[in-house]
S.K.: 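First the structure, then my questions, so here it is.
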Amino acid sequence: MPCDSIGGMPGPHPQADTPDVPRPAPTGLDALFRPRAVAVIGTSSRARTIGREVLANLLAAEFAGAVFPVNPHHDVVQSMKCYPSVEAIPDPVDLAVVVVPSAQVVDVARACARKGVRGMVVISAGFREIGPAGAALEGELMAVCREAGIRVIGPNCMGLINTDPAVRLNASFAAAKPPSGSVAFISQSGALGEAILAQAQELGLGISYFVSVGNRADVTTDELLEAWEDEDRVGPVLLYLESFGMARRFPDVARRISRKKPVIAVKAGRTVQGASAARSHTGSLAGYDVAIDTLLAQVGVIRVPSIEDLFALASAFAMQPLPRGGRIGIVTNSGGPGILATDACVSLGLEVPELSTATRERLAAGLAKEASLRNPVDMIASAGPAEFACAVSAVLADESVDAVLVISITPVHLDSVAAARAIVDASRGSSKPVLSCFMGKDGHAEAVSVLRASGIPVYQFPEAPARALQAMARRRAWLDRAVGRTPDDVLAGDEPDDSIARAVIAQARAEERTSLSFEEGRRLVVAHGFPFARSVVAETLEEVLDGAAEIGFPLALKALAVGLSHKSDRGGVAVDLRTVDELATACRRMKKSLAPDHPEVRFLVQEMARGDREVILGMRQDADFGPLLMFGLGGVHVEVLKDVAFRVHPITDVDAGEMIRSLRGHALLAGVRGAAPVPEDLMVELLLRLDRLVARCPEIVELDLNPVMLGARREDAAAVDVRVMLAGG
Ligand code: ADP
Ligand code: MG
């Protein structure tokens with residue numbers, strides 16, 4: 001379904017002539033977005049001041065309620081009576097837009113609280129963004145507002161816009177005034193917000209909401225997404241993000257909203273994390289290698305690299321229905337652009353399929369003799385409106401095509417407006433998307449308006465619509481993809497022993513440790529159902545030999561010491577020991593080489609695992625996404641191989657399967673050169689166990705099971721090493 005109204009200038013206000021009915025005071029976010037009356041605190045008449053622009057914008061948009069200027073230094077501002085304070089206004093005020101210097105904002109908030117104001121848009125800068133003093137001021141402001149139940153946008157923002165015809169609120173100082181429509185914008189950068197609005201206006205892209213969230217002291221991106229989830233007027237939601245803020249909630253909220261409307265984000269490239277990165281394998285791999293797109297894509301958010309693409313996609317999503325797949329029919333009046341478009345599509349993983357015989361016959365009947373009837377269909381330069389109509393409708397009707405891209409390089413003799421009308425007519429009522437590309441500079445501005453006004457996005461070059469079609473096809477695939485079963489479904493009846501995890505974590509906390517010992521880590525994962533090689537911790541050679549007697553040969557011997565995290569790097573791992581002699585020699589050698597640095601060194605006697613393939617399962621808390629789960633080819637070379645996949649917690653069995661199959665070296669697990677495959681359901685199960693562990697133990701910030709040894713049989717699986725880090729404090 002295409003999103004509702006688009007483009008076009010706002011018509012007469014539907015409620016402008018209805019008699020005023022008193023509305024009850026709005027609460028929550030409604031105080032911000034649907035106030036009955038607005039005060040502009042710190043407004044002025046001086047040209048080129050923010051205070052002037054905000055008031056002028058409110059009036060220009062014909063806000064549906066009353067507007068009150070507030071400034072103690074003026075009696076009249078922009079021909080309106082000006083009040084010395086918000087409390088001096090005789091009527092109720094729901095929203096205050098604040099543009100006074102930061103030092104006065106807290107006092108203004110107190111006055112608003114006394115007045116019963118319920119929402120504040122704090123445009124003033126000079127808060128958290130300037131350092132500790134500003135952060136303290138922001139804290140003070142929020143204390144006043146929380147106490148009074150005032151919801152706050154900003155501080156340090158450019159304001160908000162709600163184009164709902166019944167509200168018509170432009171509480172911003174933006175110069176651009178895009179038309180009313182379905183696209184909602186959230187911008188973390190004020191300056192970019194202005195550029196975005198200007199571009200929307202230029203493209204005639206209709207806006208439902210625009211919110212510049214600034215420092216997000218109160219209202220966050222997540223909360224806005226949730227508020228718009230069920231609002232029919234809101235179509236695609238566009239985000240310009242610098243960070244996600246409330247980490248743990250974003251993935252969940254995004255996943256939910258994305259099922260209902262496209263969420264498109266511009267966000268800096270990668271997650272780069274600091275100090276703890278090197279302490280675990282998952283930490284160091286996640287720090288540099290997780291492409292943020294993968295994580296966003298998993299929760300259904302479409303990431304674009306540029307503002308330009310943000311618009312390319314927004315226009316397509318706002319104006320056109322989703323295609324059923326990625327098979328693109330291309331119609332052009334010139335060969336070169338057709339080839340460019342084909343290349344762009346194919347390189348993005350879209351198909352440019354053969355057309356059916358029936359379609360080719362229709363084309364042959366309607367196009368010039370010299371036309372090329374294959375996809376891309378080249379109508380040649382002589383094509384007029386009739387040819388456009390024939391080609392677009394024939395290709396749209398073809399069963400093997402999911403979407404159509406029409407390209408026109410406007411030759412002098414072509415009546416481009418008539419061609420545009422022909423395209424509009426030919427695509428009317430189709431359930432398949434039609435995008436257009438009008439190349440060349442001048443001469444077809446009117447054709448472009450005709451197309452946009454009829455809901456057909458127009459691009460200047462074929463690469464952008466190709467990217468839009470790719471994003472649409474991907475979204476369709478994401479929506480169609482099975483959601484999968486959660487760990488609780490799959491592992492039902494196989495409850496972990498939470499009391500062990502609790503006890504282990506409590507003990508470490510009591511001792512103010514942020515890392516678990518090997519033995520604690522092992523108990524924790526075993527309680528969660530992970531298979532683990534039998535292990536005995538020993539202090540002395542005698543105890544090592546006792547352990548060997550208990551477990552039986554062949555054995556692995558490892559050195560354990562606080563701060564010894566990569567044991568084999570320091571000669572602290574000996575495997576496949578077959579006799580008491582070999583074991584004793586290995587033990588003495590380890591003691592000798594490690595004792596100088598680690599006088600308290602202890603030993604781990606461990607059964608040799610039977611699995612012949614090593615994988616790593618890991619988790620790391622990410623500041624933006626919360627827990628990231630990792631699966632990959634493991635062992636001591638994991639950082640060299642870097643063959644790992646990440647997903648945002650929580651995952652389902654479908655996600656787990658995709659992680660496993662996405663590895664470059666997946667064939668090693670699936671079985672190559674005579675090696676039997678590792679059962680995939682076993683690997684999926686291990687990942688779901690990890691996911692459940694992460695959900696139950698939020699104190700854990702990093703966890704590595706590296707390696708888990710796997711073989712052809714389920715009973716071969718055994719973790720042999722574990723590392724667990726807890727949050728500090
Ligand atoms: P670290 O990661 O601290 O160097 P590990 O305990 O992970 O130490 O051991 C390093 C490597 O030794 C493993 O990747 C694996 O190849 C091998 N290994 C360790 N323990 C066993 C075992 N019990 N059975 C088989 N191989 C083992
Ligand atoms: Mg290891």
S.K.: Please evaluate residues Val213 and Ile186 with respect to the criterion side-chain contact (heavy atoms from CB on, under 4.5 Å), reporting the C-alpha separation (whole Å), side-chain torsions for both, the decisive distance (0.1 Å), and the verdict.
M.R.: CA-CA 7 Å; Val213 286; Ile186 301 175; 3.8 Å; yes
S.K.: Let's go through Asp681 and Arg714 carefully: what are the C-alpha distance in whole Å and the side-chain angles of both, what is the deciding distance for salt bridge (Lys or Arg N to Asp or Glu O under 4.0 Å) to 0.1 Å, and is it a yes or a no?
M.R.: CA-CA 10 Å; Asp681 63 337; Arg714 284 185 78 86; 3.6 Å; yes
S.K.: Got a salt bridge between Glu138 and Arg216, using NZ or NE/NH1/NH2 to carboxylate O under 4.0 Å?
M.R.: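 So Glu138 does not pair with Arg216 through a salt bridge.
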S.K.: Treating Glu520 as the side-chain partner and Ile505 as the backbone partner, does any N or O pair qualify as donor plus acceptor under 3.5 Å?
M.R.: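 Such a contact is absent between Glu520 side chain and Ile505 backbone.
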S.K.: Looking at Lys260 and Glu231, does any basic side-chain N land under 4.0 Å from a carboxylate oxygen?
M.R.: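 No.
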S.K.: Hey, which of Val708, Val722, Asn706 is the one that makes side-chain contact (heavy atoms from CB on, under 4.5 Å) with Leu617?
M.R.: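 Filter result, single survivor: Val708.
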S.K.: Name all pairs fulfilling the ring pair (Phe, Tyr, Trp, His ring centres under 6.0 Å) condition that reach into residues 484-522, sequence neighbours left out, sorted by first residue then second.
M.R.: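 Sorted result for residues 484-522: Phe518-Phe532.
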S.K.: Hey, is Glu658 close enough to Arg481 for a salt bridge, meaning N to O under 4.0 Å?
M.R.: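 Yes.
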S.K.: Scan Leu629, Asp691, Leu628 and name whichever one has a side-chain contact (heavy atoms from CB on, under 4.5 Å) with Met619.
M.R.: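 Running side-chain contact (heavy atoms from CB on, under 4.5 Å) over Leu629, Asp691, Leu628 with Met619 returns exactly one hit, Leu629.
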S.K.: Is there a donor-acceptor contact under 3.5 Å from the side chain of Ser212 to the main chain of Cys157?
M.R.: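 Answer holds: no.
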S.K.: Walk me through it: do Arg467 and Glu463 pass the test salt bridge (Lys or Arg N to Asp or Glu O under 4.0 Å)?
M.R.: CA-CA 6 Å; Arg467 287 197 295 277; Glu463 290 80 6; over 6 Å; no
S.K.: Under 3.5 Å, side chain of Arg513 to main-chain N/O of Ser515, donor-acceptor pair present?
M.R.: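 Checking the backbone N and O of Ser515 against the side chain of Arg513, a donor-acceptor pair under 3.5 Å is found.
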S.K.: Could you check whether any side-chain N or O of Arg476 sits under 3.5 Å from a backbone N or O of Pro323, counting only pairs where one atom can act as donor and the other as acceptor?
M.R.: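 Yes; judged by distance alone, with no hydrogens or angles, the pair exists.
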S.K.: Between Glu229 and Lys261, is the closest basic N to carboxylate O distance under 4.0 Å?
M.R.: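 Between Glu229 and Lys261 there is no salt bridge, as every charged N stays at least 4.0 Å from the carboxylate O atoms.
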S.K.: Taking Ala533's backbone N and O only, do any of them form a donor-acceptor pair with Ser535's side chain (distance below 3.5 Å, no angle check)?
M.R.: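 Present.
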S.K.: Describe, in one word, how the ring planes of Tyr209 and Phe33 are oriented to each other, choosing from parallel (under 30°), tilted (30 to 60°) and perpendicular (over 60°).
M.R.: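 Taking Phe33 first and then Tyr209, their aromatic rings stand perpendicular (interplane angle over 60°).
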S.K.: Could you walk me through whether Gln298 and Arg255 pass the side-chain contact (heavy atoms from CB on, under 4.5 Å) check?
M.R.: CA-CA 8 Å; Gln298 188 200 339; Arg255 225 187 281 248; 3.9 Å; yes
S.K.: Look at Arg661 together with Glu680 and state whether they make a salt bridge at an N to O cut-off of under 4.0 Å.
M.R.: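 Between Glu680 and Arg661 there is a salt bridge, with a charged N closer than 4.0 Å to a carboxylate O.
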S.K.: Hey, is Glu519 close enough to Arg523 for a salt bridge, meaning N to O under 4.0 Å?
M.R.: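 No, Glu519 and Arg523 are not salt-bridged.
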S.K.: Under 4.0 Å between a side-chain nitrogen and a carboxylate oxygen: does that hold for Lys558 and Asp721?
M.R.: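 Judged by the 4.0 Å cut-off on N to carboxylate O distance, Lys558 and Asp721 do not form a salt bridge.
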S.K.: With no hydrogens and no angle check, do the side chains of Thr220 and Asp222 hold a donor and an acceptor under 3.5 Å apart?
M.R.: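 Side-chain D/A pair, Thr220 to Asp222: absent.
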